[in-house]
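Labels below follow one simple rule: chain letters A, B, ... track the order of the sequence lines, proteins then strands, and each chain is numbered from 1.
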Protein chains: 2
Amino acid sequence: MALPIPGKPVRGSKTGQPIMALLDLLGRSWAMGIIWHLYTGPSTFRRLQEYCESISPTTLNKRLKELKDCHLIERTLEGYALTKSGEELFELIEPLGSWAKIWAKNFK
Amino acid sequence: MALPIPGKPVRGSKTGQPIMALLDLLGRSWAMGIIWHLYTGPSTFRRLQEYCESISPTTLNKRLKELKDCHLIERTLEGYALTKSGEELFELIEPLGSWAKIWAKNFK
DNA sequence: AGTATTGCTACAAAATATGTAGTGGTATGG
DNA sequence: CCATACCACTACATATTTTGTAGCAATACT
């Protein structure tokens, strides 16, 4: 399980379980936030930065590279966009949106 | 959206969107791995540590506190266990497991 | 009483993220 | 053509998070 993450292998990948590699990738700061936003359509670097509450350009750049290397996003003429694979992944995590609302009520 | 995360407010919570708070929580190191493991049944601190590839006790302890504060896990006589809420959440992320296998083939 | 295991805490070092400034590239206007 | 203005990044110092190792108090087992 050698995912093409720049630098060292993915955290959690030693077990060889793909799910662990995926959870590691998604468990990095803003990774899921980026995917969530891109489902609304392609976006520019700047707009992603704003959407992710002013994530630093350094981190955004790194995250985008990783997601690109894992074929979840790609650059298009309109900016960054989800790949077919990325869309599939989004559709799997989409249900979290409505669940989160119910969950959040426990803290009001 | 003031989730009871020890210390500062959840990253991503400023928008007031519960999904962002949830993605932040789940986007911390090993958070989803812990949930994934606990679905197989209650577990002790030590076994969780082994399962999470020797996550440092400091981080494991912090993460367990956060997940407890957000009512996703709880301490039982048998150790740490998912709450009703935590189980619901797991069932939402469970499909990632089979998807990850297909996705991983792109890197072989 | 002695040894083992467990659930943690302490703390220094390493890795990661942030915040701000700046660079080079392309578009727009005068 | 030159200035101004964005945009997509890179550089780099600082802050925060995670790791790794050691150790301690509590319970269990011999």
Peer 1: Does the plane of the ring in Tyr51(A) sit parallel, tilted or perpendicular to the ring in His37(A)? Use 30° and 60° as the thresholds.
Peer 2: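 Answer is parallel, since the angle falls under 30°.
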
Peer 1: When you get a sec, tell me which of dT18(C), dT20(C), dT19(D) is the closest nucleotide to the side chain of Pro57(A)?
Peer 2: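 Ranking dT18(C), dT20(C), dT19(D) by closest atom to the Pro57(A) side chain puts dT20(C) first.
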
Peer 1: Given atom CH2 of Trp30(A) and atom P of dG19(C), what is their separation to the nearest angstrom?
Peer 2: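 For the pair Trp30(A) CH2 and dG19(C) P, the rounded distance is 10 Å.
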
Peer 1: Do side-chain atoms of Trp36(A) reach the backbone of Ile93(A) as a donor and acceptor pair under 3.5 angstrom?
Peer 2: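 Not confirmed, Trp36(A) side chain does not pair with Ile93(A) backbone.
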
Peer 1: Just the rounded figure in Å: distance from P of dA8(D) to CD of Glu78(A).
Peer 2: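 Value for this atom pair: 13 Å.
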
Peer 1: For Arg47(B) versus Pro42(B), what's the shortest heavy-atom pair and its separation?
Peer 2: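 Heavy atoms only, the tightest pair is NH2-O, 4.1 Å.
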
Peer 1: In whole angstrom, what separates Glu53(A)'s CD from dT18(C)'s C1'?
Peer 2: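 Roughly 14 Å, once rounded to whole Å.
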
Peer 1: Identify which nucleotide among dT18(D), dT18(C), dT16(C) has an atom closest to any side-chain atom of Lys62(A), counting heavy atoms from C-beta outward.
Peer 2: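 Selected nucleotide: dT16(C).
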
Peer 1: For Leu64(B) and dG7(C), what is the distance between atoms CG and C1' respectively, to the nearest whole Å?
Peer 2: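 Atom CG in Leu64(B) sits about 11 Å away from atom C1' in dG7(C).
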
Peer 1: Among dT18(C), dA17(C), dC8(C), which nucleotide has an atom closest to any side-chain atom of Ile55(A)?
Peer 2: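 Selected nucleotide (nearest to the side chain): dT18(C).
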
Peer 1: Whole Å only: how far is the CG atom of Asp24(A) from the P atom of dT18(D)?
Peer 2: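 Taking atom P of dT18(D) as the reference, CG of Asp24(A) is at 12 Å.
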
Peer 1: When you measure from the side chain of Thr83(B) to the backbone N and O of His71(B), does any donor-acceptor pair fall under 3.5 Å?
Peer 2: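 Pair found, side chain donor or acceptor close to backbone of His71(B).
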
Peer 1: Whole angstroms only, please: what is the CZ-C1' distance between Arg75(A) and dA8(D)?
Peer 2: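 Going from Arg75(A) (CZ) to dA8(D) (C1'), I get 7 Å.
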
Peer 1: Figure out the CG/P separation between Leu60(A) and dT10(D), and round it to whole Å.
Peer 2: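 Answer to the nearest Å: 11 Å.
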
Peer 1: Verify the contact: side-chain N or O of Thr59(A) to OP1 or OP2 of dT18(C), cut-off strictly under 4.0 Å; return yes or no.
Peer 2: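 Checking Thr59(A) against dT18(C): at least one side-chain N or O falls below 4.0 Å of OP1 or OP2.
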
Peer 1: In the structure I gave you, are the side-chain heavy atoms of Ile35(B) and Leu26(B) within less than 4.5 Å of one another anywhere?
Peer 2: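 They are in side-chain contact.
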
Peer 1: Quick one: does Thr58(A) reach the base of dC12(D) with a side-chain donor-acceptor pair under 3.5 Å?
Peer 2: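 Side chain to base: pair present.
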
Peer 1: If you only use heavy atoms from C-beta on, which nucleotide in dT18(D), dT10(D), dT18(C) is closest to the side chain of Asn61(A)?
Peer 2: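 Between dT18(D), dT10(D), dT18(C), the one nearest the side chain of Asn61(A) would be dT10(D).
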
Peer 1: Write down the distance between CD (Gln49(B)) and P (dT19(D)), rounded to a whole number of angstrom.
Peer 2: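 Rounded to whole Å, this separation is 11 Å.
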
Peer 1: Is the shortest heavy-atom distance from the side chain of Tyr80(B) to the side chain of Ile34(B) under 4.5 Å?
Peer 2: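 Contact flag for Tyr80(B)/Ile34(B) side chains = no.
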
Peer 1: Counting distance only, does the side-chain N/O of Trp103(B) pair as donor-acceptor with the main-chain N or O of Pro18(A) below 3.5 Å?
Peer 2: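 Answer holds: no.
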
Peer 1: With the side chain of Tyr80(B) defined as its heavy atoms from C-beta on, choose the nearest nucleotide among dT17(D), dT19(D), dC8(C).
Peer 2: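 Nearest nucleotide to the side chain: dC8(C).
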
Peer 1: Among residues 32-47 of chain B, which ones have heavy-atom contacts with DNA chain C below 4.0 Å?
Peer 2: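 Those residues are Thr44(B), Phe45(B), Arg46(B).
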
Peer 1: From the set dC9(D), dT18(D), dA17(C), return the single nucleotide nearest to any side-chain atom of Arg28(B).
Peer 2: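 Closest nucleotide to the Arg28(B) side chain: dT18(D).
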
